[in-house]
Trainee: 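The structure under discussion is supplied below as structure tokens; questions concerning it will follow.
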Amino acid sequence: MPENTGNSPAIMAEDLVKVYPGRGRRPAVRALDGLGFTVPAGRVFGLLGPNGAGKSTTTKILTTLSRATSGRAAVAGHDVAKRPDSVRAAIGYVSQGASTDPLLTATENLKIAARLRGIGAADAAQRAQRLLDEFGLAEASKRPVSTFSGGMRRRLDVAAALVHRPSVLFLDEPTTGLDPEARAAMWAEIRRLSGEEALTVILTTHYMEEADRLADELLIVNRGRAVVQGTPDELKAALHGDSVRVSLVEPDPARVRQAIAQVAGLRDVVVEASGVDGVLAARTDDASAAVGSVIAALDAAGIRYGQVAASHPTLDDVYLHFVGHTFDGPSTSSGTGEDDVLEGQAA
Ligand SMILES: Nc1ncnc2c1ncn2[C@@H]1O[C@H](COP(=O)(O)OP(=O)(O)OP(=O)(O)O)[C@@H](O)[C@H]1O
């Protein structure tokens, strides 16, 4: 039975600090720097942030795989440092790597997962059957997992993490590598779990669309700190004005920045180059005027570009605003520096 479906939060993290000690010439790393957040029970909660932001470290502490240097965290009402066994009994964890044995059948895998959680043989068989039905894997239950598609394997990984009926499920990039159809099936599964089963799902993802469509609430983490938390709609609504995006062809970011330096009314300007492509992103209160002026400035400077788009803020814009570079972009861009963007976050 879920342990925590009442009003108390599924997760509470307070002032978490994690310092990985230095070794030899390698300096110590302060991976978490006072991270705090709360996750209400029964929600899909998305953790977003650039590489190295501290997402994995946070997940490791919450799943008892690592200890915080200081601070406090509780999962399903249990303190992670004082009651790690109770936390482990209350959570399921699906890592990026497959957790099932490809040579065994789906049923065998689930039965083993249940037995490892201390469930008796008869109950394990029943639970395995129930999960195979729920996850649409009943017909394939007698086949070795090596014959499964990527989507079926991922669903089986999730099913295996639920054998002991946890109340909080950690999913680390659950749809990476899946085709769009399998991704949609996994999204439907996650929605079902949080809805019908009242499970709290902690989701780490690298897909902005996934975070937008799936997460009831999002936390953006940067440099070991919580930057902003809210529903995707709240976060988007908090960014006033419109977004302008221009795809650049073989850009020289410094030249692009110089070209648009005189364009009035742009803020949160970021220019990124990745291979032969690039992007110029900015926000403005007057999209139609800004688009015209940006195009004129790029033309005047002889800068090549492709698509030019203005839209209401998307989650990409929220990320850009709070982190300082695009989700797929480099961690240092030639645009507005991270500190500049964070200083301007009162928008
Ligand atoms: N075992 C470790 N020893 C030393 N430093 C570490 C260790 N694990 C993580 N770090 C460092 O801590 C910081 C946070 O890393 P973490 O893996 O938590 O970030 P992340 O947000 O999960 O990134 P990614 O999206 O790339 O997985 C990084 O600077 C990373 O290099």
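Order of listing sets the numbers, starting from 1, for every ligand and every atom in it. As the structure is a prediction and not an experimental result, all values here were calculated from the model.
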Trainee: State, without any angle test, whether Thr284 and Asp242 hold a side-chain donor-acceptor pair at a distance under 3.5 Å.
Mentor: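 Thr284 vs Asp242: no donor-acceptor pair found between side chains.
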Trainee: Are Asp285 and His240 linked by a side-chain donor-acceptor pair shorter than 3.5 Å?
Mentor: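 No, no side-chain donor-acceptor pair sits under 3.5 Å.
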Trainee: Can you produce the list of protein nitrogen or oxygen atoms under 3.5 Å from a nitrogen or oxygen of ligand 1, alongside each distance?
Mentor:
{"residue": "ligand 1", "atom": "18 (O)", "partner": "Thr57", "partner atom": "N", "Å": "2.9"}
{"residue": "ligand 1", "atom": "18 (O)", "partner": "Thr57", "partner atom": "OG1", "Å": "2.5"}
{"residue": "ligand 1", "atom": "19 (O)", "partner": "Gly54", "partner atom": "N", "Å": "3.1"}
{"residue": "ligand 1", "atom": "21 (O)", "partner": "Ala53", "partner atom": "N", "Å": "3.1"}
{"residue": "ligand 1", "atom": "21 (O)", "partner": "Gly54", "partner atom": "N", "Å": "2.9"}
{"residue": "ligand 1", "atom": "21 (O)", "partner": "Lys55", "partner atom": "N", "Å": "2.9"}
{"residue": "ligand 1", "atom": "21 (O)", "partner": "Lys55", "partner atom": "NZ", "Å": "2.9"}
{"residue": "ligand 1", "atom": "22 (O)", "partner": "Ser56", "partner atom": "N", "Å": "2.7"}
{"residue": "ligand 1", "atom": "22 (O)", "partner": "Ser56", "partner atom": "OG", "Å": "2.6"}
{"residue": "ligand 1", "atom": "23 (O)", "partner": "Gly52", "partner atom": "N", "Å": "2.7"}
{"residue": "ligand 1", "atom": "25 (O)", "partner": "Asn51", "partner atom": "OD1", "Å": "3.3"}
{"residue": "ligand 1", "atom": "25 (O)", "partner": "Lys55", "partner atom": "NZ", "Å": "2.9"}
{"residue": "ligand 1", "atom": "26 (O)", "partner": "Asn51", "partner atom": "OD1", "Å": "3.2"}
{"residue": "ligand 1", "atom": "27 (O)", "partner": "Ser56", "partner atom": "OG", "Å": "3.4"}

Trainee: Of the options Arg245, Lys236, Arg267, which is the one that meets Asp317 in a salt bridge (Lys or Arg N to Asp or Glu O under 4.0 Å)?
Mentor: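 Going through the options one by one, the only one that passes is Arg245.
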Trainee: Under 6.0 Å from the ring centre and within 45 degrees of the ring axis: does the NZ or CZ of Arg183 meet both conditions for the six-membered ring of Tyr207?
Mentor: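 Yes, a cation-pi geometry.
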Trainee: Regarding Asn109 and Thr107, is there a side-chain donor-to-acceptor distance under 3.5 Å anywhere?
Mentor: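 Their side chains do not contain a donor-acceptor pair, so the 3.5 Å distance test is not met.
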Trainee: Phe170 versus Ile91: any side-chain heavy-atom pair under 4.5 Å?
Mentor: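 Contact flag for Phe170/Ile91 side chains = yes.
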